[in-house]
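Just below is one structure, and these are the notes that go with it.
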Amino acid sequence: MNKINNLEKIVGAHSYRKVAIAACFGTFLEWYDFLTFATLAVVFGPLFFPSSDPGAGLLASLATFGVGMVVRPIGAAIFGSMGDSIGRKPVFMITIALMGLATICVGFLPTYAQVGIWAPICLVSLRLLQGLSAGGEIGGSAVYLAEHAGSAYRGFKTSFLQLMGPLGILFSTLQIALLRIYLSPEEFESWGWRVPFWISIILLIIAFKARMALEETPVFLELSKSNQKTDHPLLSNFRDPQTRKRMFLLFFCISAGGAVLFFCVQVYTSIFLKVSVKLAPAVVDQLSVYATLALFPLTLFAGWLSDKVGRKPVVIGGLLLGAIFIQPAFQILQDLGQQYLQAPNATSPLILIGLLLTALSLSLALVVGPQTALLAELFPAKTRNSAATLPHNLAAGWIGGLLPLIVTWLNQQWGNDLAGLWYPTVFLASAAVIAVLYLPETNKVNLNL
């Protein structure tokens, strides 16, 4: 017990803030790099996948975005096991460098008009590298931060990490919105879209320097000192029935549920309003900024609430709210968008759209607010990194990352802009039922064991 108490005291409040800022900034860069691609999916279609059918070009662009998500589990398997073997910090340095360099290269890619088929080949290759990097970063960063957080208010203290995805989208969206204001459409399509990728050069230098100052987690240091590390952590996870069960629950209920809501709320709404509703991109970007800003306090509130009432009820509440609300919300978004197009000077439809996007953000916040703590709390220390990162990235990559592509494809098959949304609706409802029956409460778990 004294050893556990001593570990709790290793990281004081000041030290934790330093660790959290450095870890979160690196994760922000990962998300910024990774999701700038999604924000520009509509632009990439004609530049890299020219087609007489605009819908086919959009599908190809979304498929390229999805490719990066599909390979995330491979990166999770590789870097997650490395995190349990050589430490959390070295893996952070590798993933941030890989993501940053791949993103910078996207900004210098020639288009299809310049080099033909090599343009989409190079784009897809760089997207694969981004996916591998994200697989090691997203999930591993949650374990790193949770192991530094101590036991008091762990849900609230680690919920800040969940702001990095929305913050990455916000930073990317603001840049694109400003570029659209100051550049003509021709200038933006010619070179303006490259600017967010060029800015990654500066962000990578800052993030890399910040991560150089990071310390290894006290939990991993104790494992190393007592020689409790596992030679084959990922294999050990699959051999243990309890860990295997919890990996499935993390995959289906927490990570997949959060990923579905994230890509519905933060990614697909923008595509839906631009492509299906046909609102001007500048208007949609502004609405996305307001909705993302609203997500910040909601996420922190959900993390704090999970410390008070438990992780399980908060997550289940978010899953149920999403399952009930998504279909009618997008129908109302479509109706309000049509009202605005008929009367462009009216502001009330845009205000209502902004409020509706904020309401959608609440369901997302309830799932992702406690998520960082849950990723670490579900698993034993010696195999935690690999056990958490693989199902988390498998869910984010194969379920959440492919959601825009699947929903768009289903819409085209059924000839209805809302038909594809039954996919996330049914998924969230199923995840809520399984969580009610099987998800354990982990609020008071000791991470040193």
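Nothing fancy with the numbering, it's 1 onward along the sequence. Values in this document were obtained by computation on a predicted structure and should not be read as measured data.
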Notebook entry, point to check: Are side-chain heavy atoms of Phe272 and Asp417 found at a separation under 4.5 Å?
Noted result: yes
So, Glu441 side chain and Asn443 main chain: donor-acceptor pair closer than 3.5 Å or not? yes
> Would a distance-only check, ignoring hydrogens and angles, find a side-chain to backbone donor-acceptor pair under 3.5 Å from Arg154 to Val445?
Replying inline: yes
| query | Please walk me through it: do Phe251 and His392 pass side chain to side chain contact (heavy atoms under 4.5 Å, CB included)? | reply | CA-CA 6 Å; Phe251 167 80; His392 182 66; over 6 Å; no
Discussion item. If you apply the rule side chain to side chain contact (heavy atoms under 4.5 Å, CB included), what do you find for Leu341 with Leu279, and how did you get there?
Written reply: CA-CA 7 Å; Leu341 290 175; Leu279 290 183; 4.0 Å; yes
*Is there a side-chain contact between Leu378 and Leu249, using heavy atoms and a 4.5 Å cut-off?*
no
Q) Do any N or O atoms from the side chain of Lys274 and from the backbone of Val284 form a donor-acceptor pair under 3.5 angstrom? A) no
Whether Phe160 and Phe156 hold their rings parallel, tilted or perpendicular, with breakpoints at 30° and 60°:
perpendicular
Exercise. Under a 4.5 Å cut-off applied to non-hydrogen side-chain atoms, are Leu333 and Val277 in contact?
Worked result: no
| task | Step through it carefully: locate the ring centre of Tyr438, locate the ring centre of Phe248, and say whether they are under 6.0 Å apart. | result | no
- Message: Within a 6.0 Å radius of atom OH on Tyr153, are there more than 12 heavy atoms belonging to other residues, nucleotides or ligands?
- Response: no
For Leu428 and Gly322, the nearest pair of non-hydrogen atoms, with its separation, is CD1-C, 3.8 Å
Practice item. Answer whether the closest heavy-atom distance between the side chains of Leu439 and Ile434 falls below 4.5 Å. Key: no
* Taking the side chain as every heavy atom from C-beta outward, state whether Phe379 and Leu250 have any pair of such atoms under 4.5 Å apart. => yes
Counting C-beta onward and ignoring hydrogens, is there a side-chain heavy-atom pair between Val289 and Leu293 closer than 4.5 Å?
yes
Nearest heavy-atom approach of Gln371 to Ile254 is NE2-O, 3.3 Å
If we ignore angles and hydrogens, is there a donor and acceptor under 3.5 Å between the side chains of Asp335 and Gln331?
-> yes
Here the pair of heavy atoms bringing Asp307 nearest to Gly155 is OD1-N, 2.9 Å
Q: Evaluate the ring planes of Trp193 and Phe48, with Trp represented by its six-membered ring, and classify them as parallel (under 30°), tilted (30 to 60°) or perpendicular (over 60°).
A: perpendicular
Heavy-atom donor-acceptor pair, Asn416 side chain to Asn411 backbone, under 3.5 Å: no
From the list Leu132, Ile78, Leu394, side chain to side chain contact (heavy atoms under 4.5 Å, CB included) partner of Pro73 resolves to Leu394
**OP:** Decide, yes or no, whether a salt bridge links Glu377 with Lys444 under the criterion of side-chain N to carboxylate O below 4.0 Å.
**Re:** no
Rounded to the nearest 0.5 Å, the CZ atom of Arg244 sits from the CZ atom of Arg246 at a distance of 14.0 Å
>> So for atom CZ, which belongs to Phe325, do other residues, nucleotides or ligands contribute more than 12 heavy atoms lying within a distance under 6.0 Å?
In response: yes
Looking only at heavy atoms, the pair that brings Val314 and Leu366 closest together is CG1-O, 3.2 Å
Distance col, row Thr269:OG1 vs Phe263:CZ, nearest 0.5 angstrom, shows 12.0 Å
CG (Leu287) and CG (Leu355) are apart, to the nearest 0.5 Å, by 10.5 Å
Exactly one candidate in Leu305, Thr299, Leu298 meets side chain to side chain contact (heavy atoms under 4.5 Å, CB included) with Phe301; the answer is Leu305
The reported gap from OG1 in Thr383 to CG in Asp240 (rounded to nearest 0.5 angstrom) is 7.5 Å
Would the distance check show the side chain of Ser276 and the main-chain N or O of Leu273 forming a donor-acceptor pair, the cut-off being under 3.5 Å? no
Cys253 side chain near Val315 side chain, heavy-atom distance below 4.5 Å: no
dist Thr103:OG1 -> Ile199:CD1 (nearest 0.5 Å) comes out at 12.5 Å
Taken to the nearest 0.5 Å, the spacing of Lys278 NZ from Gln338 CD works out to 9.5 Å
Minimal heavy-atom distance between Pro196 and Gln175, with the atoms involved, is CA-OE1, 3.6 Å
Test your reading of the model: is there a side-chain donor-acceptor pair from Arg311 to the backbone of Pro370, 3.5 Å cut-off?
no
For Ser361 and Val265, the nearest pair of non-hydrogen atoms, with its separation, is OG-CG1, 3.8 Å
Query raised in the report: Side chains of Ile326 and Cys264: does their closest heavy-atom pair fall under 4.5 Å?
Result: yes
- Task: Could you walk me through whether Leu410 and Trp422 pass side chain to side chain contact (heavy atoms under 4.5 Å, CB included), step by step?
- Result: CA-CA 9 Å; Leu410 288 172; Trp422 282 109; over 6 Å; no
- Query: Would you say the side-chain atoms of Arg384 pair up with the backbone N or O of Ala376, donor to acceptor, closer than 3.5 Å?
  - Reply: yes
Run Leu364 and Leu360 through side chain to side chain contact (heavy atoms under 4.5 Å, CB included) and show every step you take. CA-CA 7 Å; Leu364 170 61; Leu360 278 171; over 6 Å; no
